[in-house]
Amino acid sequence: MKKIISVIGARPQFIKHEPLKRLLSEHFNEITVHTGQHYDSNMSRIFFTEMNIKEPEYNLRIGSNTHAAQTAGMMKGLEEIFIKEKPDIVIVYGDTNSTLAGALTAVKMHIDVAHIEAGMRSFNMDMPEEINRITADRISRYNFAPSQTAMINLENEGMTGIFTGDIMYDAFKYFSKYVKEDISAITGLSENTSYALLTLHRAYNTTEDALKQILDRIDKMNIDIVFPIHPRTLAVLKKHNIKTDYSHIHFIEPLGYIDMLSAIMQTECIITDSGGLQKEAYYAGKKCITIRTETEWPETVKSGANVLCPGAECDLRRAMRRDEGITFNPLYGNGNASAIITTTLLESL
Ligand code: UD1
């Protein structure tokens with residue numbers, strides 16, 4: 001049986017890994033390495049528990065650090081595992097430092113790399129994720145692309161993608177059946193309260209000034225805001241003593257996947273700088289306001305469902321109220337990305 005090592009480490013990668021691992025395990029000897037990039041219980045463990053994912057065979061427990069130290073630590077640990085396990089292929093997901101470390105370590109050992117969510121571009125080289133994506137695409141043998149835009153991006157850079165659709169849609173479809181009806185215990189709001197769901201964690205939105213300005217603007221939207229706060233963002237609030245007693249913003253702990261899906265299903269709209277949430281909003285038929293100047297998912301903007309709203313000049317209330325000209329047609333495949341990836345690897349290995 002051929003051996004595959006999957007490298008995961010950050011919250012969205014646990015979600016993307018679940019549907020693929022389920023299929024891969026039927027045909028391959030699949031070994032999972034958790035780099036430990038995310039380590040808080042509600043950033044890591046909860047996903048394995050609620051999605052019933054088998055404990056990773058290895059955990060490097062890298063934790064937080066500067067980008068170089070974090071990535072280098074992962075590479076050193078991964079190299080030892082790859083030497084011992086001799087995988088036929090290494091799978092990496094998305095654009096995190098764990099993605100870069102997995103791809104770079106493997107390719108230097110002449111092990112083929114499969115990059116899931118290949119071809120995504122923000123064209124903003126200030127984002128660490130953009131550097132990670134470009135590098136991972138360039139050194140991977142299989143570039144599994146979630147959108148037609150991603151296919152074109154790869155082609156424009158002289159690479160060939162394999163269209164799979166979005167693997168997060170696989171997870172969304174599968175786990176939607178577990179969403180909760182009564183979400184008051186999740187949001188902390190009484191039942192039937194209208195609210196918007198907020199997440200913020202991008203480096204450029206979590207400087208002291210940017211974060212203050214964004215939260216002040218959002219608080220003025222005049223709707224209850226449920227804000228599961230990422231530990232990076234919380235650390236910035238604490239470090240700079242930024243106030244948390246907003247009239248409308250309700251800070252809550254980061255949510256697990258099922259609770260997040262449940263909160264998404266009942267929100268008025270989503271306000272976010274996350275890539276994954278822009279699509280989850282779309283799949284749930286919810287309007288999204290993206291606090292960024294660009295997106296890797298431009299189709300959601302073209303459909304009218306998503307609007308980029310980065311600076312102070314953008315009217316958030318208007319963005320939330322917009323209703324006309326929005327379509328929610330399928331954009332990112334059929335929710336069978338894991339099957340396409342598994343079949344491609346089976347045929348080629
Ligand atoms: C990382 C990814 C980003 C992805 C996000 C998902 C990179 C470069 N970025 O960003 O693409 O969208 O994960 O969440 O890889 N922290 C904790 N506990 C944790 C994890 C993080 O307290 O379990 C705090 C630490 O202060 C840490 C900071 O969050 O320094 C940033 O974490 P890090 O993993 O470096 O990047 P993310 O912002 O999570």
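One-based numbering, in listed order, for ligands and for the atoms of each. One-based numbering along the sequence shown.
Residue H67 has at least one heavy-atom neighbour below 4.0 Å for each of these atoms of ligand 1: 8 (C). Atoms of ligand 1 lying under 4.0 Å from any heavy atom of P231, numbered from 1 in the order shown and given with element: 16 (N), 17 (C), 18 (N), 22 (O), 24 (C). Each of the atoms 23 (O) of ligand 1 lies under 4.0 Å from some heavy atom of M43. Residue-ligand proximity, H230 to ligand 1, at heavy-atom distances under 4.0 Å covers atoms 14 (O), 29 (O), 37 (P), 38 (O), 39 (O).
For P12, every heavy-atom contact with ligand 1 shorter than 4.0 Å involves the side chain, none the backbone. Contacts of R202 with ligand 1, taken as heavy-atom pairs under 4.0 Å, involve the side chain alone.
In terms of protein heavy-atom proximity, atom 1 (C) of ligand 1 is closest to Q37 NE2, 3.8 Å. If you check which protein heavy atom lies closest to atom 28 (C) of ligand 1, you get R232 CB, 3.6 Å. What sits closest to atom 35 (O) of ligand 1 on the protein, heavy atoms only, is Q70 NE2, 4.0 Å. The protein heavy atom nearest to atom 5 (C) of ligand 1 is H201 NE2, 3.6 Å. Of all protein heavy atoms, the one lying nearest to atom 17 (C) of ligand 1 is Y39 OH, 3.2 Å. Annotation: atom 27 (C) of ligand 1 to nearest protein heavy atom, S64 OG, 3.2 Å. The protein non-hydrogen atom at the shortest distance from atom 18 (N) of ligand 1 is D40 OD2, 3.0 Å. Distance from atom 3 (C) of ligand 1 to its nearest protein heavy atom, with residue and atom name: E129 OE2, 3.2 Å.
Annotation: W297 is in aromatic contact with Y332 [ring centroid separation under 6.0 Å].
Counting only distance, with no hydrogens or angles, the side chain of N143 and the backbone of D137 share a donor-acceptor pair below 3.5 Å.
No side-chain heavy atom of E79 sits less than 4.5 Å from a side-chain heavy atom of K76. In this structure the side chain of Y93 never reaches within 4.5 angstrom of the side chain of S98, judged on heavy atoms.
Geometrically, K180 does not engage Y178 in a cation-pi contact, judged by NZ or CZ lying under 6.0 Å from the ring centre and within 45° of the ring axis. Figure legend: K173 and Y169 shown as a cation-pi pair, the cationic atom lying under 6.0 angstrom from the six-membered ring centre and within 45 degrees of its axis.
Counting only N and O atoms by type, the side chains of Y204 and N124 include no donor and acceptor under 3.5 Å apart.
Counting heavy atoms of neighbouring residues, nucleotides and ligands inside a 6.0 Å radius, atom CD of E57 exceeds 12 of them.
The minimum heavy-atom distance between A284 and F172, with the atom names listed, is N-CZ, 3.8 Å.
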